[in-house]
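Take a look at the structure below.
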Amino acid sequence: MPELPEVETVARDLRAALVGRQVMAVQLGHPKVLRFPVPDVFRAVFPGQHVDAVTRRGKFILCELRSGEDLVFHLGMTGHLRVCDPDVPAPKHTHLRATLDDGRELRYDDARRFGRILLGPRAVLEDSRVLPVLGVEPLSDEFTATRLDAVLRSTTRTVKAALLDQRGVAGLGNIYIDEACHLAGVRPQHRCHTLTRVQRAALHDAIPAVLLSAIRNRGSSIDDYRDLWNAKGTNQERLQVYGRGGRPCLRCGAILRHATVAGRTTVWCPTCQK
DNA sequence: ACTCTTTCCTGTGAGC
DNA sequence: TGCTCACAGGAAAGAG
């Protein structure tokens, strides 16, 4: 389940593999994964392009092309980007193969097809809403306590629902919201408008902390997340609450509870979190 | 305007 | 052993 740390790990490796490369040939798979533009236009526009930069915004990976357009990937739940030799067997649900000028191949595969590929000038992608408006980057200087307060104080929703909303803070998902809430001592089902200033400040500290720690560990390979080279991250071994419902809290020993909050399986410690 | 629920998808594993 | 079925969840659409 790629969230910000997994996407950041892939984006960093992709930057080293792709910047300066030229795309020679393109092969598309299932038509629905390429959301924009239509396949014929994509096939006409993409080959010959040079990659000038690779960046991340929320859970999106943006490959900036010399033409001024962006090639954008969202990995959904089961999407994988890979760079490998062309003779490596491709997985069953491979939706994009791009031959590079160094002889390697960029691939995107996604069994569940929740992910997406976009290509176009940034302004066009945003105007056509295939690239959504995203909130503040939690690892940027703009992620101030005041900025998070603005997100949390303006709503009656649960903390879980508010932090899942990419328009407020970009890049958080089920895993790292539960982890940040545990570190901050805040229950995910707590209503935002009833949080104390101390609780909001604790979340402001905890969010970057869990994300940076996960990036250092190259992400959490819970289900089938793999990096650009098909290797697992190690952060799944460090998770305090995610996937541990019914087992003891690693901090206090109480049995971790779990329930559906904002439509997602959510785990918390009944004594550490208020 | 805001919040909550449902839908999209397929692989996996529990249970019979 | 082989089958069914619930479950996983990011984001968007639909309902309230």
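Naming: A, B, ... by sequence-line order, numbering from 1 per chain. Values below: all heavy atoms of this structure, side chains included; hydrogens, waters and symmetry mates excluded. Since we're looking at a predicted model, the values are computed, not measured.
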What ring pair (Phe, Tyr, Trp, His ring centres under 6.0 Å) pairs are there with at least one residue in residues 150-174 of chain A, not counting sequence neighbours?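 Ring pair (Phe, Tyr, Trp, His ring centres under 6.0 Å) check on residues 150-174 of chain A returns no pairs.
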For residues 185-217 of chain A, which residue pairs pass the ring pair (Phe, Tyr, Trp, His ring centres under 6.0 Å) check, not counting sequence neighbours?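 Every pair satisfying ring pair (Phe, Tyr, Trp, His ring centres under 6.0 Å) with a residue in residues 185-217 of chain A: Phe143(A)-His204(A).
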With heavy atoms under 4.0 Å as the rule, sort Tyr242(A) into base, sugar-phosphate or nothing.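 Here Tyr242(A) touches the backbone only, sparing every base.
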By the 4.0 Å heavy-atom rule, please label Thr78(A) as base, sugar-phosphate, or nothing.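 If one applies the 4.0 Å heavy-atom cut-off, Thr78(A) turns out to touch nothing in the nucleic acid.
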So, applying side-chain hydrogen bond (donor to acceptor under 3.5 Å, both in side chains) with Asp227(A), which one of His80(A), Arg12(A), Arg218(A) is it?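 Only match with Asp227(A) under side-chain hydrogen bond (donor to acceptor under 3.5 Å, both in side chains): Arg218(A).
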Atom CZ of Arg153(A): over 12 foreign heavy atoms under 6.0 Å: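 No - once you tally the heavy atoms of other residues, nucleotides and ligands closer than 6.0 Å, there are 12 at most.
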May I ask you to check whether over 12 heavy atoms, not counting those of Arg257(A), lie within 6.0 Å of atom CZ?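 Result for CZ/Arg257(A): open.
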Along DNA chain B (nearest heavy atom to each residue), the more 5'-positioned of Arg157(A) and His93(A):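 That would be Arg157(A).
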Pairing residues for Arg264(A) by the salt bridge (charged side-chain N to carboxylate O under 4.0 Å, His left out) criterion, not counting sequence neighbours: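 So Arg264(A) forms no salt bridge (charged side-chain N to carboxylate O under 4.0 Å, His left out) with any residue.
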So, applying salt bridge (Lys or Arg N to Asp or Glu O under 4.0 Å) with Glu137(A), which one of Lys59(A), Arg57(A), Arg147(A) is it?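 The residue from Lys59(A), Arg57(A), Arg147(A) that satisfies salt bridge (Lys or Arg N to Asp or Glu O under 4.0 Å) with Glu137(A) turns out to be Arg57(A).
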Please output the side-chain donor-acceptor pairs of residues 34-42 of chain A that fall under 3.5 Å, not counting sequence neighbours, one pair per line with the distance.
unit_1: Arg35(A); atom_1: NE; unit_2: Lys32(A); atom_2: O; d: 3.1
unit_1: Arg35(A); atom_1: NH2; unit_2: Gly115(A); atom_2: O; d: 3.3
unit_1: Asp40(A); atom_1: OD1; unit_2: Arg43(A); atom_2: NH2; d: 3.2

First-last contacting nucleotides on DNA chain B - partner chain A, under 4.0 angstrom, heavy atom: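 For DNA chain B, the relevant span reads dT3(B) to dG11(B).
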Generate the contact string for nucleotides 11-16 of chain C. Rules: B means base contact, S means sugar-phosphate contact only, - means no protein heavy atom under 4.0 Å. BS----
